[in-house]
Amino acid sequence: MQPQITVILDNGASSIKAGLARGPEGDDDDQPKLISNAIVRSKGDKTTYFGHQLERCRDYSALHYRLPFEKGYLVDWDAQKAVWDGVFSSEVLNVDTAESSLLITEPYFNLPNIQDVYDQFVFEEYEFYSYHRCTPAATIPFGHLFQAGGPSPPECLVVIDSGFSFTHVVPIINNQIQWYAVKRLDVGGKLLTNQLKELVSYRQWNMMDETYIMNHAKETCCYVSTGFFEDLETCRSNPKKNSIVREYVLPNFSINRPGRIRLPNEELSTTDQVLHMENERFTIPELLFRPDDIGLEQSGLAATVAASIALLPHDLRGMFWANIGLIGGSTNFPGFYERLSSELLSLTPVEYDLQIYRSEDAITEAYRSAIAFVNDPAFSAHVVTREEYLEVGSNASRRKFPGWQSSSAPGDADISKITQESMIEDRGQPSRKPNRSRMRTTTAPGRRR
Amino acid sequence: QAPRHVNATKQTLPSDIIIKRTKRHLEELEVTAHIHRSNYTEPSITFDGNDEGAISGKNRVRQIVSDKRHLNDPNAKKKKSSMKVRTALLYRKNLATLIEESRIASLPCHVPTYLTAAAPPPQLPPRLLCSVCGYKGAYKCKKCAMPYCDINCQGVHSETRCERRVI
C-alpha cells in the first residue's frame with residue numbers, strides 16, 4: 001500500500017529543513033521546520049542539545065558543536081542518527097517512518113560508499129516504505145524559483161547553491177544535472193564565520209570559541225560590497241566614525257538579551273561589550289568573490305560560473321546565461337545579488353542576456369521545490385522501495401538515482417534535440433527572454449568573441 | 001661601468017613554508033570545533049571532549065551517543081539495529097579516508113568526480129591586504145612574508161604575530 005505521507009528532509013550541513021507532504025488528500029507543510037543539524041553542548045546550561053532541542057538553549061556562549069557533516073559530506077552517522085531520531089519523533093514531525101515515503105537531499109558528488117550508508121539507514125534502520133535521494137539543485141526545476149520568467153520552468157538553467165560547506169554551480173538541462181560542468185568553490189558559511197572569528201580575535205576580543213555568536217554577527221552585520229576598494233578607503237579615512245562602521249553589542253545571556261547592532265545614539269551600560277565591525281563587514285563575504293584574498297587558489301564565484309557555462313554546448317549557452325538561480329543561505333548577504341550581477345555582466349558574451357533569479361527565502365527554496373516534486377505525478381517512477389532494496393541492495397538506488405557516476409558527456413542525443421528546438425525558436429518569436437529592460441548598460445567594456 | 005647593485009629586501013622565508021602555512025590556515029578555517037593552539041594536532045578528525053566515554057590511546061571504547069538519548073516516545077521500538085547500521089554508527093571515518101575508499105581518484109578522466117569539480121585557479125594575481133588592520137597591504141614582512149600597510153601595522157605585527165606563525 002502506497003503511503004500517503006512523504007517526509008521531506010533537506011538534509012543540510014548547517015540545518016535540516018523538514019516537513020511532510022500529505023498527498024492529494026491532505027495539506028502539505030508549505031514551510032519547513034528549521035532544525036540545527038548538530039549535537040550542541042552548552043557549558044553554561046550544562047546540557048547537551050540534539051538538533052531541534054537547541055531552541056531551548058539559554059546560554060549560547062562557548063557552545064561546542066558536533067556536526068555530522070565534514071567538509072560538506074555526511075561522515076558521522078552516530079550524530080546524524082541522534083538528530084534524525086529527534087526529527088521523526090513526536091517532538092517535531094511525529095511520523096511513523098515505516099508507514100511513510102522519504103525524499104532526502106544529499107551533497108553534490110556524494111561518494112558511493114556514503115550513498116550506500118544512506119540506503120542502509122533509510123531502509124534497515126528507519127524502515128521507510130520507499131525513498132528518493134537527490135541533490136538540492138535537482139528539485140529546483142519543479143519549484144517556483146524561475147516563475148518570474150515565464151509559466152513553465154526553463155529547459156536549461158544554472159543553479160548556484162551557496163551553503164554552509166561550499167558553493168556549487170550546477171547547470172541543468174531538462175531536469176538532468178550536467179555533471180561534467182558542475183563546479184565547486186570551497187567557500188561557504190562555515191569558512192566565512194571562522195575567518196570572522198579569527199579577525200575579531202586578533203583585533204578585538206577572543207571569540208574563537210563563540211561560533212554561535214559570531215555566526216549571528218556575520219548574518220547581521222556583513223554585506224557584499226560592489227566597490228571593494230572604495231569601501232576600504234572609506235573605512236581608512238575615518239576609522240571611528242564613517243558610514244560603514246557598525247557596533248555589534250554582544251549578547252548578555254544572564255539577562256536574556258541577544259546580540260544586536262547598536263542603534264545610533266543608543267546608550268550603552270558599562271557592562272556592555274561591543275564589537276567594532278568596519279572593514280570586516282565586507283571583507284568577509286568578499287571571499288566568495290575573491291577566495292585568493294586568504295590564499296585559496298580558486299577563482300571567485302563569477303569566474304566559476306563563466307567557466308562552468310563555457311563547458312556546455314555552444315548553442316545552449318544563451319539559455320543558461322538567461323536563467324541563473326540562487327539558493328542557499330550564503331546568498332542572503334545584502335549586496336550579493338548586485339555584486340554577482342555586476343561581475344557576471346562583464347563576463348557574459350555580448351550576444352546573450354543575463355538574468356539572475358532569486359527566491360524570497362533562499363534557505364527554504366530547495367524544500368519548497370521538493371514539495372512540488374513530490375506532488376508531481378512523475379515522482380513515483382523515481383523512488384526505490386524497501387522491497388527492491390531488500391532484494392538487490394544498493395544496486396536499486398544506483399539504477400534509479402542517476403548521479404555523477406552515470407553522467408552523460410557533451411554531445412548526447414538529448415542535448416542535440418534541444419539544440420534543434422532552440423534554433424527554431426530563435427528564428428521565430430523571441431525565446432524566453434524576460435520582459436524587462438536589459439540589464440547591461442550601453443558602455444559594455446570590450447567584446448567577447 | 002659596474003652593474004647597478006639593487007639592495008632588494010630579501011625574503012628570508014622559503015616559499016614552500018609559505019605554501020604550507022597557507023594550507024594549514026585554510027584547514028583551520030574548515031574546522032567546526034576549535035582546540036587550543038597548544039594542543040594543535042590534525043584538525044580534520046572530529047573530537048567530542050572527555051565526556052563521551054573512555055579514550056585510552058589506540059583502543060578507544062566507542063560509545064554510541066544516539067542510543068543514550070532518552071526519547072519519551074511511546075512509538076519507539078526497542079529493536080536491535082542491523083549489522084551494517086551498527087558498524088556505521090560505531091566506526092566513524094573521516095572524509096579523507098572515505099575518499100580513498102571510494103577510489104574516485106582511479107576513475108577514467110572523463111568521469112566528473114568530487115576531485116575534478118573544483119573551481120579553476122584564479123586568473124588575477126592576489127590582492128594583498130594588511131594582516132593587522134585589513135587595508136591595502138603595500139609591503140610584506142621580511143621575516144614571515146605577511147602583508148602590512150604602514151609603519152604602525154608593521155610594529156603591531158612584529159610584536160604580536162611575526163614568527164609565531166612560522167612552522
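Quick note on labels: first sequence line is chain A, next is B, and so on, each numbered from 1. Only a predicted model underlies this, so the values are computations on that prediction, with no experimental measurement involved.
A:Phe69 contributes atom CZ, which lies 11.5 Å from atom CG of B:Leu95 (distance to the nearest 0.5 angstrom). The distance from the CD atom of B:Glu101 to the CG atom of A:Leu111 is 10.0 Å, given to the nearest 0.5 Å.
Here A:Arg236 is the residue among A:Glu125, A:Arg236, A:Lys190 with the most heavy-atom pairs under 4.5 Å with chain B. If you tally non-hydrogen atom pairs under 4.5 Å between each of B:Ala88, B:Cys149, B:Gly134 and chain A, the highest count goes to B:Gly134. Looking only at heavy-atom pairs under 4.5 Å with chain B, the residue among A:Val169, A:Leu296, A:Leu232 that has the most is A:Leu232. With chain B as the partner, the residue from A:Glu280, A:Glu233, A:Gln195 showing the most heavy-atom pairs under 4.5 Å is A:Glu233. Interface remark: of the candidates A:Phe166, A:Phe228, A:Trp77, A:Tyr108, A:Phe228 forms the most heavy-atom pairs closer than 4.5 Å to chain B. Counting heavy-atom pairs under 4.5 Å between each of A:Thr304, A:Asp293, A:Val182, A:Leu301 and chain B puts A:Asp293 at the top. Between chain A and the options B:Lys136, B:Gln123, B:Lys23, the largest number of non-hydrogen pairs under 4.5 Å is found for B:Lys136.
The stretch residues 114-123 of chain A participates, sequence neighbours left out, in these side-chain hydrogen bond (donor to acceptor under 3.5 Å, both in side chains) pairs: A:Glu106-A:Gln115, A:Gln115-A:Gln405, A:Asp116-A:Ser394, A:Asp116-A:Arg398, A:Asp119-A:Tyr131, A:Asp119-A:Arg133, A:Asp119-A:Ser394, A:Asp119-A:Ser397.
Using a 4.5 Å cut-off between heavy atoms, B:Lys93 touches chain A through its backbone atoms (N, CA, C, O) alone. In this structure, no portion of B:Leu128 lies under 4.5 Å from any heavy atom of chain A. Only the backbone of B:Thr116 comes within less than 4.5 Å of a heavy atom of chain A; no side-chain atom from C-beta onward does. Contact annotation for B:Ile99: both backbone and side-chain heavy atoms come within less than 4.5 Å of a heavy atom of chain A. For B:Leu26, the part lying under 4.5 angstrom from a heavy atom of chain A is the side chain only.
Neither side chain, A:Tyr202 nor B:Ser131, offers a donor N or O lying under 3.5 Å from an acceptor on the other.
The backbone N or O of B:Leu98 sits less than 3.5 Å from a side-chain atom of A:Asn113, completing a donor-acceptor pair. A donor-acceptor pair under 3.5 Å is formed between the side chain of A:Asn194 and the backbone N or O of B:Val31.
Contact annotation: the side chain of B:Leu124 approaches that of A:Arg290 to within less than 4.5 Å [non-hydrogen atoms, C-beta and beyond].
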Run the numbers on A:Val75 and B:Thr97 for side-chain contact (heavy atoms from CB on, under 4.5 Å), then give the verdict. CA-CA 10 Å; A:Val75 301; B:Thr97 316; over 6 Å; no

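Closest heavy-atom contact between B:Ala118 and A:Gln298: CB-NE2, 4.0 Å.
Under the 4.0 Å criterion applied to side-chain N and carboxylate O atoms, B:Arg127 and A:Glu286 are assigned as salt-bridge partners.
Open room surrounds CD on B:Glu100; 12 or fewer heavy atoms of other groups in view lie less than 6.0 Å from it.
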